[in-house]
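Here the structure is laid out as structure tokens; the discussion comes afterwards.
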Amino acid sequence: MLGAMAAAATGFAGAEANAQASSYFAGTITDNGITFRATNFKKIDKKWQRQVVKFKSSEPQGTIVVDTRNHFLYVIMENKTAIRYGVGVGKEGFQWFGRSTVDRKSLWPKWTPPPEMRKRHPELPASVEGGSPKNPLGPRAMYLHRDGADTGYRFHGTIAPWSIGTDASSGCIRMFNEDAIDLYQRCPIGTAVQVLPHLAEQAERSIAKPEELEDQ
């Protein structure tokens with residue numbers, strides 16, 4: 001009987017967790033022939049929602065700046081403004097910082113876990129096709145290169161919108177799916193990217209944190 005009660009409690013907890021996760025979605029969106037669950041932005045703290053903010057930086061217009069410490073991605077615009085997106089960033093031990101460029105972009109990308117990830121998680125499949133509800137890249141991926149070589153890191157969507165604003169990934173920068181689609185349209189191949197340190201004291205001398213002017 002105790003075993004049955006424990007199983008029931010486990011089942012209840014699982015159902016509760018599923019209900020909690022489902023609350024982050026509302027309705028569906030069809031994109032390039034693929035239908036996916038839309039983010040329920042009523043559930044999302046407004047600080048993580050896409051918005052235009054004042055932003056002072058020496059970087060050229062169009063540059064993408066990622067502030068991993070504060071979980072924001074900025075696209076620099078004119079007149080000291082930027083589009084700000086909430087993002088999820090790398091967990092402790094998976095952060096990366098510096099400069100790169102968007103050298104490749106993909107609609108509904110196929111996901112292939114890197115060998116080191118499959119070594120940590122042997123239960124992972126060899127790959128997941130684009131458009132699958134189990135594909136963690138979501139509807140878009142933007143591949144970051146440095147000096148012509150793939151860094152292995154990407155900007156991409158997510159199947160876990162509750163993770164935005166946290167240190168949750170294996171180094172990639174994850175976004176709400178709607179934001180990944182928006183960013184994909186704004187950043188052509190060759191877009192410059194600057195990823196700022198997770199901890200200010202780890203900053204390279206050549207990287208200066210842009211100053212965001214509070215106006216909210």
Side-chain angles (χ1 to χ4, degrees), residues 20-31 36-90 95 97 99-102 105 107 136-142 144 153-169 171-188 190-200 203 207-216:
Q20 178 72 4
S22 295
S23 70
Y24 281 88
F25 300 98
T28 59
I29 297 172
T30 299
D31 170 81
F36 65 98
R37 293 191 293 176
T39 304
N40 177 14
F41 284 102
K42 292 181 180 179
K43 177 82 173 179
I44 305 300
D45 189 318
K46 287 186 177 180
K47 74 181 287 187
W48 306 125
Q49 297 186 34
R50 183 169 74 242
Q51 56 194 284
V52 175
V53 298
K54 289 185 177 180
F55 191 81
K56 186 168 67 176
S57 172
S58 60
E59 298 297 323
Q61 184 176 336
T63 301
I64 293 174
V65 176
V66 183
D67 178 355
T68 60
R69 180 176 59 178
N70 294 301
H71 304 94
F72 291 126
L73 180 152
Y74 299 87
V75 177
I76 296 177
M77 300 174 67
E78 59 187 0
N79 299 324
K80 297 181 180 178
T81 63
I83 300 174
R84 189 182 77 185
Y85 307 80
V87 297
V89 302
Q95 302 99 343
F97 320 112
R99 295 184 181 271
S100 59
T101 56
V102 175
K105 299 164 61 176
L107 293 168
L137 298 183
R140 300 289 188 275
M142 290 143 274
L144 304 182
Y153 299 113
R154 292 87 175 86
F155 300 142
H156 61 75
T158 182
I159 55 177
W162 52 87
S163 67
I164 300 301
T166 70
D167 299 352
S169 77
C172 290
I173 306 300
R174 61 175 67 170
M175 312 176 72
F176 294 118
N177 289 332
E178 294 84 352
D179 286 354
I181 291 172
D182 185 81
L183 181 65
Y184 184 97
Q185 296 170 330
R186 295 180 188 277
C187 65
T191 294
V193 176
Q194 181 187 33
V195 178
L196 299 170
H198 182 72
L199 299 174
I207 299 177
K209 182 180 183 301
E211 177 187 354
E212 182 182 346
L213 303 179
E214 294 296 336
D215 67 336
Q216 302 175 56

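Here the shortest heavy-atom pairing between Pro139 and Gly157 reads CD-CA, 4.5 Å. Smallest separation of non-hydrogen atoms from Pro161 and Phe176: O-CE2, 3.5 Å. Across every non-hydrogen atom of Lys47 and Phe72, the tightest pair is O-CE2, 3.3 Å. When all heavy atoms of Met142 and Cys187 are compared, the pair lying nearest together is SD-SG, 3.6 Å. Between Leu196 and Thr68, the closest heavy-atom pair is O-OG1, 2.8 Å. Here the shortest heavy-atom pairing between Val75 and Gly62 reads CG1-O, 4.4 Å.
Note that CG of Leu73 is 5.0 Å distant from CE of Met175, once rounded to the nearest 0.5 Å. Rounded to the nearest 0.5 angstrom, Thr191 OG1 and Leu183 CG are separated by 8.0 Å. The distance from the CZ atom of Arg50 to the CD1 atom of Ile83 is 7.5 Å, given to the nearest 0.5 Å. Atoms CG and OG1, on Asp179 and Thr39 in that order, are 8.0 Å from each other to the nearest 0.5 Å.
The backbone N or O of Gly88 sits nowhere less than 3.5 Å from a side-chain atom of Thr166 that would complete a donor-acceptor pair. Remark: side-chain polar atoms of Glu59 are not paired, donor with acceptor, to backbone N or O of Val65 under 3.5 angstrom. Without hydrogens or angle criteria, Lys43 side chain to Ala26 main chain gives no donor-acceptor distance under 3.5 Å. At least one donor-acceptor pair closer than 3.5 Å links the side chain of Thr158 to the backbone N or O of Ala160. For the pair Gln51 (side chain) and Gln49 (backbone), a donor-acceptor distance under 3.5 Å is present.
The shortest distance between side-chain heavy atoms of Val87 and Phe155 does not fall below 4.5 Å. In this structure the side chain of Asp31 reaches within 4.5 angstrom of the side chain of Arg140, judged on heavy atoms. Counting heavy atoms from C-beta on, the side chains of Tyr153 and Val195 never come closer than 4.5 Å. When side chains are defined from C-beta on, Lys54 does not count as touching Asn79, because their heavy atoms never get closer than 4.5 Å.
Residues Trp48 and Tyr85 keep their aromatic ring centres 6.0 Å or farther apart.
Thr63 pairs by the side chain to side chain donor-acceptor pair (under 3.5 Å) definition with nothing, not counting sequence neighbours.
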